[in-house]
A.B. asks: 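First, the structure itself, so that you have it in front of you.
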Amino acid sequence: WLAPSSLFPLSCLHTSTALQKLGKWEKKNRIVYPPQLPGEPRRPAEIYHCRREIKYSKDKMWYLAKLIKGMSIDQALAQLEFSDKKGAKVIKEVLLEAQELAVRNHNVEFKSNLHIAESTTGRGRYVKRIRYHGKGMFGIMNIVRCHYFVKLVEGPPPPPEPPRTGFDQAKEYVQQLRSRTLVNTL
Amino acid sequence: ESVLRPAGAPSACLVPVRTKKRHSVPEWARELSPEEKEKRLRSLGTIFPEDRVERTFYLACTADIIDPYIPPEGDARLTSLSKDGLKQKMEKAKQTAVSQLALRKIKDHDLDFSTKTFPEKAQEIFIEAHNSLANFNKQKLHSLVTERCYPEMVRGNRYKTIRWSFVESLEPPRVVHMRCDSFVNRGNLYGQVTVRMHTRQTLAIYDRFGRLMYGGEQVPKDVLEYVVFEKYLVNPYGTWRMHGKIVPEWAPPKDPIVK
């Protein structure tokens, strides 16, 4: 066939963000379940989202993550908006992004019908620097970064577990006593 | 007025600075033919910059449908009422001059082409393409569908399960429209043929979690489609591949996506 004339200039730049290695949490969004039979209960949608290398301490971020765990997404956003911590702003952005992804890509109908099933923090890459003290002394300080992971599940938030009362503990003790058997006998 | 600055001299004067003359062509050599210029440059020992590496590209398909066929209104609905009148209209539409010219050009390059056998082959290609889309058989799909149609078919389907099946064909498929055009260079011919298909199909799309998103597996639907097939005529190994569909404006609206 005929050779093409050189109409277009050299444009073979390969630009893609897929060259960086994907973490495990991002890959969880790729699993595809087999189609459900008509009799089965509807499987709730799960959306995994994360943000990497946030300039904040993982221990300080953990307090916010523990605060949000188990709340509905609207309540979580409200709590984060009025929290004074620096990490609250970041987590709020992550939650909004995850909500947007859920509605656009994962076939979720109502954006407020989501609740937070899991929210954890992880240690990012630390960088060591010198901290100068007086009298020529120095210390090695860590520039601390963290990751934040969140899993949104469709549906209303599950009811919180009732706290264990003394009556429950007593019931369990009695149950243990009743389930004792004789061992190594006829 | 001083000794260093006599009265007659100007207060400031421009002194041209002589730097090394680079890429200067002497006047006798300015109007030479390009070959002689090259000879001169080579004798002077200048290094030629590498020729710009031209990356060749190969157009296996066109970017769009040429002269999209405008289907007459009420196509599928009037067939039962006045068969003869419609048949005549169809034959007239087929015999437009441009279509006949295109048919002649296609027959020049592709000897086996005929408007009577082609629609069956076209329907087979159509069915196989949709089956390989449902099974995600990318290589087969690439060979049955042009590069322009492939992203349209595949976009957004990576994390979804598609189940498609062909129940039956309600009317025999028919060639309706033909066009043949050359792109970039003269003689670089691509032929496009529109085939009208009235079929019954079932389609069910499940999203990432296995929930039914569109259609139903046991719900057959009657579909009237105008599918465009394309072939790169000048290429001796070219094949007829699905290029796109023409959706008329009077087509019934699609069902909403179940969420």
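Numbered from 1 within each chain, the chains take letters A, B, ... in sequence-line order.
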A.B. asks: Please classify the contact between A:Pro38 and chain B as side chain, backbone, both or neither, with a heavy-atom cut-off of under 4.5 Å.
C.D. replies: neither
A.B. asks: Just wondering, are more than 12 heavy atoms of other shown residues or ligands nearer than 6.0 Å to CD in B:Glu152?
C.D. replies: yes
A.B. asks: Are A:Glu97 and A:Arg51 ion-paired here, with the side-chain N under 4.0 Å from a carboxylate O?
C.D. replies: yes
A.B. asks: With respect to chain B, which residue among A:Val32, A:Ile31, A:Asn107 yields the maximal number of heavy-atom pairs within a distance under 4.5 Å?
C.D. replies: A:Asn107
A.B. asks: When you check the gap from the basic side-chain N to the acidic O, do B:Asp222 and B:Arg200 get nearer than 4.0 Å?
C.D. replies: yes
A.B. asks: If you count heavy-atom pairs under 4.5 Å between each of B:Tyr159, B:Phe209, B:Tyr206 and chain A, which one has the most?
C.D. replies: B:Phe209
A.B. asks: Please state whether the side chain, the backbone, both or neither of A:Asn105 comes within less than 4.5 Å of a heavy atom of chain B.
C.D. replies: neither
A.B. asks: Please work out which of the three classes, parallel, tilted or perpendicular, describes the rings of B:Trp164 and B:Phe126, given edges at 30° and 60°.
C.D. replies: perpendicular
A.B. asks: Passes ring-ring contact (aromatic ring centres under 6.0 Å, His included), A:Tyr48 versus A:Phe149? Steps please.
C.D. replies: CA-CA 8 Å; A:Tyr48 295 87; A:Phe149 308 100; over 10 Å; no
A.B. asks: Tell me, for A:Arg43 versus chain B, whether the close heavy atoms (under 4.5 Å) come from the side chain, the backbone, both or neither.
C.D. replies: both
